[in-house]
Amino acid sequence: MSTPEMEYSIQEASELLGIPIQKLRRWDVQGVLVALRTSGGHRRYAKELINRLATSSTGPGSDKQSQELATVKRSLAEKRRIIQLLLESENRYRDLVETSHDLIWVTDAQGRFTYLNNAAHDIFGLAPKDMIGRCFFDFESGPSFISNRRFLATLKRAGEIKNYVTRLVSTSGDDRWLGINARITTDENNDMLGIRGTARDITEQHLATLRIEHLALHDVLTDLPNRHSLQRRIESSMQEGSVGALLFLDIDHFKYVNDNFGHRSGDLLIMGIGSALRDMMRNRNGELYRLGGDEFAIHLPEGLRKEAVDTAETALDTVRQYRFHASEQKVVANLTASIGIALYPFHGSDLPALLSNVDIAMYQAKDLGRNRHMLFDQSTDSLRGTHQRIHWAKKLRDALDEDRLVLFSQPVVQLKDQKPVHHEILVRIRDGSGNFILPTHFIELGESLGLVQEIDMRVVEKLLQFMAENGQNRKKLRYFVNISRVSFSDQHWIERLIRLLRASRVNPSQLVFEITESAAMAEIDATMTFIKKLRDIGCRFALDNFGAGFSSFYYLKRLEVDYLKIDSRFIRDLVTDEGSRIFVKAVNDVARGLNKQVVAEGVESAEVVKLLLEMGAQFGQGYLFQRPQLIGGATEDLAPAISQSAG
Ligand code: C2E
Ligand code: MG
């Protein structure tokens with residue numbers, strides 16, 4: 001039966017609904033009673049509901065109607081509860097956004113800020129309210145112009161961008177680097193409404209990256225570019241097919257100054273000659289490098305023989321005219337130098353050949369009485385070089401055939417208590433008279449003769465055998481194994497290695513493969529493939545001689561290595577050299593951020609340990625703790641047994 005149509009005054013409705021009259025406002029045109037505004041909006045009561053209430057006490061089916069009424073009341077209460085929860089949730093998010101250290105921002109479709117949280121103050125130097133209506137580009141630093149426009153275009157196309165790094169200038173004129181995440185917001189027709197996102201101030205991290213890159217490519221004493229800069233420069237020149245000249249300059253009798261006036265004077269002499277040579281090169285088309293010790297290099301891009309000889313003569317003159325004040329009373333005059341010259345591609349079509357030939361030329365200049373320059377002469381060298389290579393190739397092959405490779409190991413210790421925790425495996429050849437030949441004499445040569453892959457594989461085989469026999473109960477102990485660039489960049493070699501590991505009874509997570517930083521940087525894709533494949537079966541990785549090559553944080557993040565082994569050069573100079581301390585500290589800080597462990601190599605004194613601990617380093621390796629020993633601490637008499645057992 002349908003309810004008869006009724007009209008109610010506000011007063012009647014108030015009584016029927018049990019709601020105070022001042023909370024009700026008016027009937028609207030659809031016949032709905034509108035109540036006052038509450039936090040959830042205007043509440044409205046349909047006439048039908050009031051009808052039902054009016055008939056509920058007298059009309060038929062009153063039970064059913066009071067049930068319906070109870071349901072309506074319940075649903076109203078539920079709605080109120082949900083609104084309350086939504087309000088709480090919104091407040092919670094507002095608190096989080098407003099107190100976040102990261103910048104949270106929203107713009108309109110023109111990129112003008114409509115909202116920013118308090119982090120705006122730290123980044124731009126302005127309160128959020130003073131930023132409204134402005135945009136990121138108002139603060140952009142000149143060089144970022146092009147990449148910022150590219151960023152915006154890509155964002156519009158892709159809808160979202162993560163980790164875009166840009167440089168801004170705050171209102172106080174400070175440079176700031178920001179890492180930005182951004183997402184386009186659109187309406188239901190897919191038209192752009194604006195952009196919103198977050199931004200993080202990464203200035204400190206960015207400056208640390210630049211500093212460490214500078215340190216890796218420059219000599220700390222003279223701030224001249226170092227050997228690695230030179231190698232990179234020449235390699236790229238050679239790849240472009242250019243010609244050029246390379247000069248190595250070595251100061252004669254430098255040892256005399258060092259021995260008689262001390263290392264500090266030696267350093268001052270190097271700095272002095274460095275700056276004299278720098279002045280000399282100012283008007284020339286060439287670059288000056290310091291290679292280490294008392295050695296400098298000059299690279300003349302496009303330089304031919306005449307220009308190279310000219311430059312060498314001027315450099316010799318510069319050194320002769322230089323006066324060094326070793327102490328207040330003593331001035332060292334009569335300084336001289338010896339210079340070797342090689343031209344590329346004529347005296348070496350790849351970098352190792354060129355470096356070796358220019359070195360030979362420099363030693364010839366020394367042999368001939370010093371204070372002179374020598375152009376590399378193919379005919380005098382080639383005989384000697386070829387002879388040496390043949391001699392070594394035979395020696396290496398024999399050592400492999402007769403299974404005379406032996407493994408030495410050196411502990412990696414925990415610095416705080418000097419307890420050995422891991423071991424690095426170092427290969428040696430036992431020669432006919434029972435002496436051990438160090439890897440520095442044969443690894444590089446083995447690489448150029450195509451024998452190093454066999455050496456590396458043998459080392460792993462012997463180690464696995466040793467571990468299977470001895471290492472079962474020491475699962476936490478890890479063995480670090482050096483792998484040559486030639487080996488790990490060959491897919492067949494990697495497959496062989498994986499087969500070998502699978503067939504062994506050894507836990508792969510006990511193996512850490514060491515790749516030198518320079519090899520990793522030179523073969524970045526091959527390095528990543530190697531790491532990925534071996535990591536899949538549980539092995540770990542270390543970047544060896546870190547700092548000696550081109551250290552870049554960009555690559556560091558991409559390379560999934562567990563350990564950074566800081567090159568011994570930096571560790572050796574730690575006590576005396578500020579630059580080394582800055583570098584080692586920076587590596588430790590960055591490693592901590594990237595969750596990598598640091599091993600300091602070449603620790604020789606307690607003073608160095610103390611400094612390392614202060615810098616937060618955890619692990620070290622070096623003669624102070626233990627010199628390399630035959631693996632397993634066996635005495636030398638056992639060496640043949642170990643080397644033959646794994647053949
Ligand atoms: P590395 O990986 O940097 O190894 C550390 C070198 O520093 C070792 O020289 C070690 O004896 C030496 N050393 C350790 N502590 C100190 C110290 O306190 N002071 C000084 N001055 N030196 C210290 P080693 O054994 O002559 O090895 C030289 C290089 O040969 C190694 O450098 C590594 O790159 C390479 N190598 C060694 N074994 C293998 C191998 O099985 N395969 C390949 N591909 N390379 C290897
Ligand atoms: Mg190593």
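Ligands are counted one by one from 1 in listed order, and the atoms in each one are counted from 1 as well. For reference, positions follow the sequence shown, starting with 1. Note: hydrogens, waters and symmetry copies are ignored here, and every other heavy atom, side chains too, is used.
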Engineer: Would you say atom 22 (N) of ligand 1 touches the protein, meaning some protein heavy atom is under 4.0 Å from it?
Structural biologist: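 Yes, at least one protein heavy atom sits under 4.0 Å from atom 22 (N) of ligand 1.
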Engineer: If I apply the N/O under 3.5 Å rule, does Glu424 come out as touching ligand 1?
Structural biologist: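 Among all N and O atoms of Glu424, at least one is under 3.5 Å from an N or O of ligand 1.
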Engineer: Name the option, out of Gln410, Gln621, Arg428, that contains the heavy atom nearest to atom 15 (N) of ligand 1.
Structural biologist: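 Among Gln410, Gln621, Arg428, the closest heavy atom to atom 15 (N) of ligand 1 comes from Gln410.
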Engineer: Arg627 near ligand 1, heavy-atom distance under 4.0 Å?
Structural biologist: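 No; Arg627 lies far enough from ligand 1 that no heavy-atom distance drops under 4.0 Å.
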Engineer: For the pair Asp401 and Arg397, find out whether any cationic side-chain nitrogen is under 4.0 Å from an anionic carboxylate oxygen.
Structural biologist: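 Result for this pair is no, no salt bridge flagged.
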Engineer: Does Asn545 put an N, O or S atom under 2.8 Å from the Mg ion (ligand 2)?
Structural biologist: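 It does not: Asn545 brings no N, O or S atom closer than 2.8 Å to the Mg ion (ligand 2).
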Engineer: Only heavy atoms of Val603, strictly under 4.0 Å: list the atoms of ligand 1 that pass.
Structural biologist: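 Listed by number with element: 18 (O).
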Engineer: Is a salt bridge present between Arg430 and Asp403, judged by a nitrogen-to-oxygen distance below 4.0 Å?
Structural biologist: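 No.
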Engineer: Any atom of ligand 1 sitting under 4.0 Å from a heavy atom of Ile455?
Structural biologist: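 No, Ile455 has no heavy atoms under 4.0 Å from ligand 1.
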Engineer: Where does the angle between the aromatic ring planes of Phe513 and Phe530 fall among parallel (under 30°), tilted (30 to 60°) and perpendicular (over 60°)?
Structural biologist: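 Plane angle between 30° and 60°, so tilted.
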Engineer: Measuring from atom CD1 of Ile515 to atom CG of Asn545, what distance do you get when rounded to the nearest 0.5 angstrom?
Structural biologist: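 Ile515 CD1 to Asn545 CG: 12.0 Å, rounded to 0.5 Å.
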Engineer: Describe, in one word, how the ring planes of His422 and Phe480 are oriented to each other, choosing from parallel (under 30°), tilted (30 to 60°) and perpendicular (over 60°).
Structural biologist: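 Rings of His422 and Phe480: tilted, as their planes differ by 30° to 60°.
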Engineer: Only heavy atoms of Glu514, strictly under 4.0 Å: list the atoms of ligand 1 that pass.
Structural biologist: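 This gives 2 (O) as the contact atoms.
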Engineer: Can you list the atoms of ligand 1 that are under 4.0 Å from a heavy atom of Gly602?
Structural biologist: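 Within the 4.0 Å cut-off of Gly602, ligand 1 contributes 16 (C), 17 (C), 18 (O).
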Engineer: Which heavy atom of the protein is the closest neighbour of atom 43 (C) of ligand 1, given with residue, atom name and distance?
Structural biologist: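 For this ligand atom, the closest protein heavy atom is Asp456 OD1, 3.3 Å.
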Engineer: Any non-hydrogen protein atom below 4.0 Å of atom 4 (O) of ligand 1?
Structural biologist: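 Within 4.0 Å: yes, protein heavy atom nearby.
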Engineer: Taking atom 41 (O) of ligand 1 as the reference point, report whether a protein heavy atom occurs under 4.0 Å from it.
Structural biologist: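 True for atom 41 (O) of ligand 1.
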Engineer: I want to know if ligand 1 touches Val427 in the polar sense, i.e. an N/O pair below 3.5 angstrom.
Structural biologist: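 Such a contact does occur with ligand 1.
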Engineer: Using a 4.0 Å cutoff against the non-hydrogen atoms of Ser484, which atoms of ligand 1 qualify?
Structural biologist: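 Ligand 1 atoms under the 4.0 Å threshold to Ser484: 44 (N).
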Engineer: Please determine whether Asp544 has a backbone or side-chain N, O or S atom lying under 2.8 Å from the Mg ion (ligand 2).
Structural biologist: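 For Asp544, the answer is yes, given that an N, O or S atom comes within less than 2.8 Å of the Mg ion (ligand 2).
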Engineer: With rounding to the nearest 0.5 Å, note down the distance linking CG in Leu415 to CZ in Phe619.
Structural biologist: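 Result: 8.5 Å between the selected atoms.
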Engineer: Which of the atoms of ligand 1 are close to Gly622, meaning less than 4.0 Å from one of its heavy atoms?
Structural biologist: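 Per the distance check, 15 (N), 18 (O).
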Engineer: Starting from atom 31 (C) of ligand 1, what is the nearest protein heavy atom, named by residue and atom, and what distance separates them?
Structural biologist: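 Its nearest protein heavy-atom neighbour is Leu426 CD2, 4.3 Å.
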Engineer: OD1 (Asn482) to the Mg ion (ligand 2) to OE1 (Glu514): angle, nearest 10 degrees?
Structural biologist: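 That angle works out to 80° after rounding to 10°.
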Engineer: Checking salt bridge (Lys or Arg N to Asp or Glu O under 4.0 Å) against Lys366, which of Asp294, Asp250, Asp359 comes through?
Structural biologist: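 Looking at Asp294, Asp250, Asp359, the match for Lys366 under the salt bridge (Lys or Arg N to Asp or Glu O under 4.0 Å) is Asp250.
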Engineer: Please could you name the atoms of ligand 1 that Asn545 approaches to less than 4.0 Å, counting only its heavy atoms?
Structural biologist: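 The list of qualifying atoms is 3 (O).
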Engineer: Glu424: which N/O/S atom is nearest the Mg ion (ligand 2)?
Structural biologist: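 Result: OE2.
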Engineer: For atom 27 (O) of ligand 1, what is the nearest protein heavy atom, given as residue, atom name and distance?
Structural biologist: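 The closest one turns out to be Pro439 CG, 3.3 Å.
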